[in-house]
Structure formats: C-alpha cells, structure tokens
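Numbers for residues simply follow the sequence, beginning at 1.
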Amino acid sequence: MPNQPPWRAVIAVLVLAVWPVAPSVVQAWASWPASPADVHDALDHLYPLTAYAAGLTLLLALSGRSRHALWLLVPAAVLALPELFYVAAYGLPSGAHVFGILAETDTSETLAFVGPWWPWALVAWLALVAVAAWSARQWWRADWRWRHRSRYWVLAAGAALLTGAALDHQPRPPPGERPAGQGLNTAPDGAWAPYWADLGLASRVEATFPWGLPWRLRSFADERAALHRHRYAAGSHDFGVRPLPDAGPTAREVHVLVIGESSRPDRWRLYGAERPTTPGLSDRGDLIVFGNAVSAAAATDRKSTRLNSSHLGIS
C-alpha cells in the first residue's frame, strides 16, 4: 500500500462506506416502534441497515480488491444526500414515482421538492461530489485486498441469498388486496409498521439504498412503457359519438367531458374558498382537516391515498 497518512484512508472509508448508510438509518428510525413486539419485529425495522451492511460486505467480497468496488460506492455516496433528504421529508425511500415526477415536470416543480433553500442544497451536493472524488482517489491508492478464506464464505452466503431473491417473484399486493387493516405503514393493530414489512425478498431489496436503485429504475422503465401503451390505446379508441338522425347540418352539438380527480383545495370552502362548495363537510364536527400535508406519490389513486394517510400518522 502506498505510504500515505492514515487519516486520508479513514476519511475515504467514512465517505464511501459509512456515509451511504445514512438513508437506511433514517428509514429504520422513521419506522421504529415505541416497543417492538418481539425480536423478529425489531429485525424487520432494522432491515434497511442489515441490507446495507450485507450488500457492502458482499460487494467487497465479490471484488476482492477494494478499488474494484468504487464503481458502485462513489455513485452511492453522491446519491446518498438526495435520498437522505427524500427519506427524511417523506418517511419512505424514493422510487419509480419520484423518477416519474422528475421526468414529467419542469425545473420549477423539480426544485419544489427541496424548497426555497435549494441553492444551499445544490452547494452541499456539489461539495459532496468533490469530497467523494477526493475520497475515491485515496481509496484507489490504498487498494485494500481481501485475501482471507472468509471471503469465499461470504460469496457462498451471498449466492444463496441472491438465488432466493431470484426465485422469489412475490409482487407487492395492491392496497385493495391487502389483509384487513394493513396499510402501507400501518400494522393490523394500528401501530406503525415498516414500509417493507409485507414485501417479497426481491421487493424488499428494492426498498433499500443503494442496492435497490437498479430495481427502482427498472420499475420506472416499466411504468413508462405502460404509459406509452396506454397513450396508444387511448389514441385509437372510438368513443362512439354519432350525430342524431334528425339533427340538421347546422344543429348545435353539446359534448360533455367529465374529468375525474380534478378538484382543487382552493375551490373547497373546507379549505378557505369563498363559495360554499362543501356544505355537507363544513357542517360536520368530526373532521380533521390537514391544511399543510405532503405526499410521497405522484398520483392520487387508492395506493397513494393509503400512502398519504399512513405518512400523516393516521390509519
């Protein structure tokens, strides 16, 4: 190993190996119950941390030389900051819905994810990129090697784990098909439950950082392909609109287009609108109105509704 001050290697390890675990720590903390029911419950909440540690160990064992792992450690360190921000803000890992928002909106809406302090966030991220590049150079120069036979034990265990993940094709059940009382973040007894508690092994990996990023990108690609198919099907759809037999050539035609989910909160009296547009809801005394809520999803179907409710702490 080249002669260099030990503190450089320590910083390189902290930046490239320890720093990327920050989103997993926040994930575990956000879902941690006041009192775990048993050891299995506690381990379920610690899943992001254990998955990161296991993935890092397997990566180093697979590469044999530490410098060969830089191709994944450097992007993980650079992307850890936006992932940490998202997990801290929404309590969930990023995913295909986030990529969809970024791909379908303009710059102003993208910056709204961060808020008015986005210039400082950009400066912090650029500083992190510089530190990660410097750390990668120190890591490359150190060139640690794993020569002990324990490396092969780790590879064998990792092969078994990956085989199990490949054989486990259990999809994430839609909200309407979940067992009674189980939301995205609520257990049957109403207690806070981890986001990944009811997922199959492959989907559990998708919920981790950074190992789940390839799965998330694949899900994003699948959703984009589905949108293209939907646009094609909608473009060739015949709505069956025909003129009336007794209508003259100059008769006036009225077409009514009903668009679902087009309601806006500023048009509801319940949220301060001037017109009495919600008389029934406004007269109720048992409603809890969230006037400043955030959503981690880009859609407002049943899935995102369950997500928003669980994120706000209600079941």
Side-chain angles (χ1 to χ4, degrees), residues 13-62 69 72-73 76-77 79-95 98 150 153-168 170-173 178-179 181-216 296 306-307 310-313 315:
V13 171
L14 290 177
V15 173
L16 299 180
V18 179
W19 159 245
V21 79
S24 300
V25 172
V26 176
Q27 270 187 260
W29 174 81
S31 65
W32 191 258
S35 56
D38 50 31
V39 175
H40 181 272
D41 186 27
L43 292 177
D44 215 0
H45 289 271
L46 290 175
Y47 174 73
L49 294 173
T50 56
Y52 177 79
L56 179 61
T57 304
L58 180 59
L59 176 64
L60 294 176
L62 186 63
L72 185 56
L73 294 180
L79 295 175
L81 185 59
E83 179 73 10
L84 177 63
F85 170 80
Y86 189 84
V87 172
Y90 299 102
L92 296 170
S94 64
V98 182
S150 59
W153 303 342
V154 172
L155 290 175
L161 179 63
L162 293 177
T163 302
L167 295 176
D168 182 10
Q170 176 185 351
R172 184 174 181 177
R178 291 173 181 267
Q182 287 194 10
L184 288 178
N185 287 86
T186 51
D189 58 358
W192 188 270
Y195 163 76
W196 48 90
D198 58 351
L199 305 185
L201 183 56
S203 297
R204 281 174 170 242
V205 175
E206 183 178 351
T208 64
F209 180 87
W211 322 122
L213 290 180
W215 278 268
R216 301 179 196 180
R306 298 284 291 275
L307 178 63
S310 61
H311 175 63
L312 294 172
S315 58

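Distance alone, capped at 3.5 Å, places no donor-acceptor pair between the W19 side chain and the L14 backbone. Between the side chain of W211 and the main chain of A51, a donor-acceptor pair closer than 3.5 Å is present. In this structure a side-chain-to-backbone donor-acceptor pair under 3.5 Å is present from Q27 to A207.
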Trace of the side-chain contact (heavy atoms from CB on, under 4.5 Å) decision for L62 with V154: CA-CA 9 Å; L62 186 63; V154 172; over 6 Å; no
For Y86 and V98: C-alpha separation, side-chain torsions, deciding distance, then whether side-chain contact (heavy atoms from CB on, under 4.5 Å) applies. CA-CA 9 Å; Y86 189 84; V98 182; 3.4 Å; yes
side-chain contact (heavy atoms from CB on, under 4.5 Å) for V21 and F209? Distances and angles first, verdict last. CA-CA 8 Å; V21 79; F209 180 87; over 6 Å; no
Test side-chain contact (heavy atoms from CB on, under 4.5 Å) on L84 and V25 and set out the steps. CA-CA 9 Å; L84 177 63; V25 172; over 6 Å; no
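Nearest heavy-atom pair, A69 versus L60, reported as atom, atom and distance to 0.1 Å: CB-CD2, 4.0 Å. Taking each heavy atom of E83 and S94 in turn, the nearest pair found is OE1-OG, 2.6 Å. Across P48 and A28, no two heavy atoms sit closer than the pair CG-N, 4.5 Å.
Rounded to the nearest 0.5 Å, atoms CG (L213) and CD (E206) are 10.0 Å apart. Distance check: L72 CG to L16 CG gives 11.0 Å after rounding to the nearest 0.5 Å. How far CH2 of W29 is from OG of S24: 15.0 Å, rounded to the nearest 0.5 Å.
Counting heavy atoms from C-beta on, the side chains of Y52 and P23 never come closer than 4.5 Å.
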